[in-house]
Novice: 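Dropping the structure in here first, questions after.
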Number of protein chains: 2
Amino acid sequence: MADRPQKAEWFGKTRKGTRPKGPVARGREKAREGMTRARAMAPSATPLWRKLGSYLEIRDEEKGFLAELERTIVGHPPRTDLLRQGERYGDVRVMRDGWAMRHKALPDGRRQVVNFVLPGDIIGIYCNLFDIADHSVTTLTAVSVANFPPERVVELFQRFPRLAAALAWAGAKEEAIVAERLLSLGRRTALERTAHLIVELLRRLTVVNLAENGRFTLPVTQEILADALGLSIVHMNRTLRRLRDGGLIELNGQKITVNDLRQLASVGQFDELYLHLIRAPKRLDQVFDTTRGDRGDVRLA
Amino acid sequence: MADRPQKAEWFGKTRKGTRPKGPVARGREKAREGMTRARAMAPSATPLWRKLGSYLEIRDEEKGFLAELERTIVGHPPRTDLLRQGERYGDVRVMRDGWAMRHKALPDGRRQVVNFVLPGDIIGIYCNLFDIADHSVTTLTAVSVANFPPERVVELFQRFPRLAAALAWAGAKEEAIVAERLLSLGRRTALERTAHLIVELLRRLTVVNLAENGRFTLPVTQEILADALGLSIVHMNRTLRRLRDGGLIELNGQKITVNDLRQLASVGQFDELYLHLIRAPKRLDQVFDTTRGDRGDVRLA
DNA sequence: CGTTTCGTTGAACTGCGTCAAGTATCGTGG
DNA sequence: CCACGATACTTGACGCAGTTCAACGAAACG
């Protein structure tokens with residue numbers, strides 16, 4: 001297309017990096033370790049099984065329980081609301097296949113996409129507590145989800161504390177992702193946000209084997225992307241163009257290819273800590289095995 | 001239109017549309033009064049006890065365990081880092097008294113405050129999983145916190161599933177707050193964000209008896225507020241001025257008084273769902289008592 | 001009491017939003 | 001096979017909300 005500046009500083013200045021005050025500016029080094037963790041589990045495993053399995057070795061009886069949870073499978077077409085802001089929660093759902101988005105809307109229609117729901121993610125696990133949803137979940141592709149009643153979660157907490165812990169930690173990871181997006185919306189420019197999101201998605205999808213060679217399907221319109229990044233559609237489009245013209249990414253329909261991951265991550269100020277967090281968590285097994293509490297009776301009295 | 005609107009539409013259009021240009025006459029009063037740092041404290045219950053107690057009736061043995069958790073109390077002066085992004089997690093901490101903030105920083109120093117930590121809130125409960133922190137926590141006031149080693153969390157999951165569930169749900173509530181702030185940063189104007197945050201804080205503080213008659217202490221500089229709302233200091237200041245000139249709030253040092261809650265909530269597009277969520281959660285007791293799983297042995301094998 | 005830190009305000013600038021209009025692309029019915 | 005909306009993607013022109021720069025007063029602090 002049009003000849004544009006090449007590589008290096010193609011994007012011009014990213015922002016005034018200097019901030020006069022603020023005690024926080026420690027240097028952080030690469031943290032390049034820890035690459036060794038293998039994540040792929042048995043192919044037969046269900047998404048939830050696989051997700052929790054990344055935190056600890058699932059035991060047989062736990063395996064059985066999880067399998068039972070994911071017994072009822074339902075499919076939904078794209079653009080279906082699985083949950084609607086302001087309405088009651090239904091069953092708990094585990095995304096098995098496909099994409100969805102979690103989003104919130106203002107009364108006047110402005111909308112914010114909070115997060116993307118990928119295979120293995122859970123929807124509405126806390127419905128026992130908040131019976132009315134404060135957000136919506138809408139499918140982006142055709143999906144297949146497993147449904148089960150919320151009481152099963154309580155049962156899980158009672159009978160399988162290790163799974164409960166894994167679940168809680170999975171929730172914490174999600175919160176960390178949302179917090180990182182908050183940092184994006186609050187303090188990153190449009191270009192930085194966009195770059196950051198692309199890198200994040202690439203990482204998350206790589207973990208679940210949905211991306212390879214920096215290439216993945218992004219089943220999302222630019223409008224939705226804009227709603228995720230707090231931008232207007234027009235500016236979203238222009239920002240993507242800048243990334244394309246800079247040669248960092250390629251777009252063909254819903255296929256996106258990351259050509260220069262290093263630079264994209266650098267533009268997005270992608271933090272290696274964050275990376276570590278969304279990729280390979282510490283294993284819980286030994287923590288559990290070490291700790292006393294083995295008199296495992298739930299009620300002492 | 002009148003060039004100096006009263007009440008009602010004093011702020012002009014909130015989003016799109018033209019802003020009636022021209023200087024807004026401002027009566028600036030500077031009454032600076034003694035800074036009382038009043039802070040109601042619980043007569044008997046510890047903050048954690050009280051927090052989890054809002055989800056379910058704490059039993060005696062659970063009470064004992066919680067009390068033990070909060071045995072080691074440590075005080076810290078204002079502006080102390082309790083946790084530093086990029087460093088290892090230490091003990092788990094429960095905020096007993098005072099304010100802190102959770103924040104993340106970009107390498108170049110730009111900073112985003114993710115949330116404010118109030119009495120009863122927990123810091124670093126998931127350190128078992130992520131041994132390196134992706135965010136910092138810094139005190140805003142003098143605080144008193146309870147410390148305990150992370151293994152106690154594991155123990156709690158193993159021995160007290162009801163508490164574990166309450167803890168998980170408390171975490172979910174926090175995530176909901178962060179998600180709502182995400183909506184603010186993504187889709188609300190500066191004025192709306194500010195109004196929304198003030199209403200949110202008023203609600204949260206009222207629950208723990210740290211606010212009355214719409215009046216509370218906000219131990220925060222405008223810079224920190226700006227970092228929480230994704231604004232520049234200058235614009236933060238101007239936005240607060242608009243709220244003051246509109247008569248919605250009053251500020252004296254760190255005391256803030258909400259004069260017109262209704263209108264403030266309306267400006268901030270404060271959602272009642274969200275309100276419900278941060279205030280009074282559903283009780284878990286009966287959910288637990290109903291569900292089977294009473295053979296409460298932790299390990300079947 | 002000097003030195004920071006915090007708050008405040010004017011003025012100029014800019015990243016991003018809004019408006020408007022045009023261009024693929026695709027499914028659907030004729 | 002071609003019109004046909006309909007939806008998504010692009011791009012130019014312009015305006016505004018919010019940023020940056022700069023400067024100063026006032027409170028907090030040691």
Side-chain angles (χ1 to χ4, degrees), chain A residues 1-2 4 11-23 77-79 110 140 184-194 218-227 229-245 251-254 256, chain B residues 11-35 37 77-79 110 140-141 184-194 218-227 229-245 251-256:
Chain A
M1 307 323 225
R4 302 256 180 171
F11 48 80
K13 67 171 177 185
T14 276
R15 165 162 264 206
K16 291 297 182 52
T18 46
R19 180 201 180 79
K21 302 153 186 207
R79 304 286 181 161
R110 281 175 280 170
L140 294 168
S184 272
L185 296 211
R187 293 305 186 204
R188 276 190 256 249
T189 65
L191 190 71
E192 293 167 341
R193 286 178 218 184
T194 306
L218 220 191
V220 140
T221 65
Q222 293 189 357
E223 179 177 12
I224 291 172
L225 226 43
D227 281 338
L229 295 176
L231 299 173
S232 67
I233 302 181
V234 172
H235 202 63
M236 185 74 255
N237 182 284
R238 293 193 165 113
T239 304
L240 287 172
R241 164 146 303 290
R242 286 178 73 191
L243 288 175
R244 266 191 289 183
D245 289 348
L251 286 173
N252 303 296
Q254 305 201 312
I256 179 169
Chain B
F11 48 81
K13 297 207 198 147
T14 275
R15 191 180 176 75
K16 56 167 64 171
T18 54
R19 181 175 71 88
K21 200 111 197 234
V24 186
R26 49 183 68 98
R28 76 208 227 57
E29 77 295 0
K30 214 67 206 55
R32 182 120 193 81
E33 75 179 41
M35 288 200 31
R37 198 149 296 188
R79 304 286 181 160
R110 283 176 278 169
L140 295 167
T141 65
S184 271
L185 296 211
R187 293 305 187 205
R188 277 190 256 247
T189 65
L191 191 71
E192 293 166 341
R193 286 177 218 186
T194 307
L218 219 193
V220 141
T221 65
Q222 293 189 357
E223 179 178 13
I224 291 172
L225 227 42
D227 281 338
L229 295 175
L231 299 172
S232 67
I233 302 181
V234 171
H235 201 60
M236 185 75 255
N237 182 283
R238 294 193 164 112
T239 303
L240 287 172
R241 165 149 304 289
R242 285 177 74 193
L243 288 174
R244 269 192 287 184
D245 289 349
L251 285 173
N252 302 294
Q254 304 200 314
K255 285 284 188 207
I256 180 170

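Quick note on labels: first sequence line is chain A, next is B, and so on, each numbered from 1.
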Novice: Give a yes/no on whether any side-chain N or O of A:Gln254 is located under 4.0 angstrom from OP1 or OP2 of D:dA8.
Specialist: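 No, no such contact exists.
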Novice: Side-chain contact, heavy-atom cut-off 4.5 Å: B:Leu240 with B:Gln222?
Specialist: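 When only atoms from C-beta onward are counted, B:Gln222 and B:Leu240 do touch, with a gap below 4.5 Å.
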Novice: Mind checking whether B:Arg193 and B:Thr189 have side chains closer than 4.5 Å, heavy atoms only?
Specialist: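 Answer no - side chains too far apart.
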Novice: Among D:dG18, C:dG17, C:dC6, find the nucleotide with the atom closest to the side chain of B:Thr221.
Specialist: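 Closest of the options to the side chain of B:Thr221: C:dC6.
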Novice: Nearest whole angstrom, please: distance from the P of C:dG7 to the CG of B:Leu218.
Specialist: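 Atom-to-atom, B:Leu218 to C:dG7, this comes out as 11 Å.
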Novice: Using five pairs at each end of the helix from C:dC1-D:dG30 to C:dC26-D:dG5 to define an axis, what is the angle between those two axes, to 10°?
Specialist: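 End axes: 50° apart.
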Novice: Quick one: A:His235 NE2 to C:dC19 P, roughly how many Å, whole number?
Specialist: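 Rounded to whole Å, this separation is 17 Å.
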Novice: Can you tell me the distance, in whole Å, between the CD1 atom of B:Ile224 and the C1' atom of C:dG7?
Specialist: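 Spelled out: CD1 on B:Ile224 to C1' on C:dG7 is 14 Å.
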Novice: How long is the line joining CG of B:Asn237 and P of D:dA22, in whole Å?
Specialist: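 Rounding to the nearest Å, CG of B:Asn237 and P of D:dA22 are 19 Å apart.
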Novice: In Å and rounded to the nearest 0.5 Å, what is the CD1 to CE distance from B:Ile224 to B:Met236?
Specialist: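 Rounded to the nearest 0.5 Å, the CD1-CE separation comes to 12.0 Å.
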Novice: Taking all atoms of both residues into account, what is the closest heavy-atom pair of B:Glu192 and B:Arg188, and its distance?
Specialist: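 Scanning both residues completely, I find the closest heavy atoms to be OE1-CA, 3.2 Å.
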Novice: Nearest-Å distance, CG (A:Leu225) to P (D:dT7)?
Specialist: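 From A:Leu225 CG to D:dT7 P: 20 Å.
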Novice: B:Ile233 has an atom CD1; how far is it from atom C1' of C:dC6, in whole Å?
Specialist: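 Interatomic distance, CD1 of B:Ile233 to C1' of C:dC6: 9 Å.
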Novice: What nucleotide among D:dT10, D:dG18, C:dC16 has an atom nearest to a side-chain atom of A:Gln222?
Specialist: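 When the side chain of A:Gln222 is considered, D:dT10 is the closest of D:dT10, D:dG18, C:dC16.
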Novice: Might you point out which heavy atoms bring B:Val220 and B:Gln254 nearest each other, and give the distance in Å?
Specialist: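 That would be N-NE2, 3.6 Å.
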Novice: Are B:Arg193 and D:dA17 close enough that a side-chain N or O sits under 4.0 Å from OP1 or OP2?
Specialist: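 Negative; the distance criterion is not met.
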Novice: Look only at the side chain of A:Arg187 and the backbone of B:Leu231, and say whether a donor-acceptor pair between them is shorter than 3.5 Å.
Specialist: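 Judged by distance alone, yes, a pair lies under 3.5 Å.
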Novice: Between the protein and nucleotides 11-13 of chain C, list every N/O to N/O distance that falls short of 3.5 Å.
Specialist:
from	atom 1	to	atom 2	distance (Å)
C:dA11	N6	B:Arg238	NH1	3.3
C:dA11	N6	B:Arg238	NH2	3.4

Novice: What heavy-atom pair brings A:Leu229 and A:Leu185 nearest, and what distance separates the two atoms?
Specialist: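 In terms of heavy atoms, the two residues are closest at O-CD2, 3.2 Å.
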Novice: Just the rounded figure in Å: distance from P of D:dG18 to CZ of B:Arg242.
Specialist: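 B:Arg242 atom CZ is separated from D:dG18 atom P by 8 Å.
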Novice: Output the rounded distance in Å from CG (A:Leu231) to P (C:dT14).
Specialist: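 Distance check: A:Leu231 CG to C:dT14 P gives 20 Å.
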Novice: Any Lys/Arg nitrogen of A:Asp227 or A:Arg110 sitting under 4.0 Å from an Asp/Glu carboxylate oxygen of the other?
Specialist: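 No, A:Asp227 and A:Arg110 are not salt-bridged.
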Novice: Mind checking the NE2-CG spacing from B:His235 to B:Leu191? Nearest 0.5 Å is all I need.
Specialist: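 Separation between the atoms: 8.5 Å.
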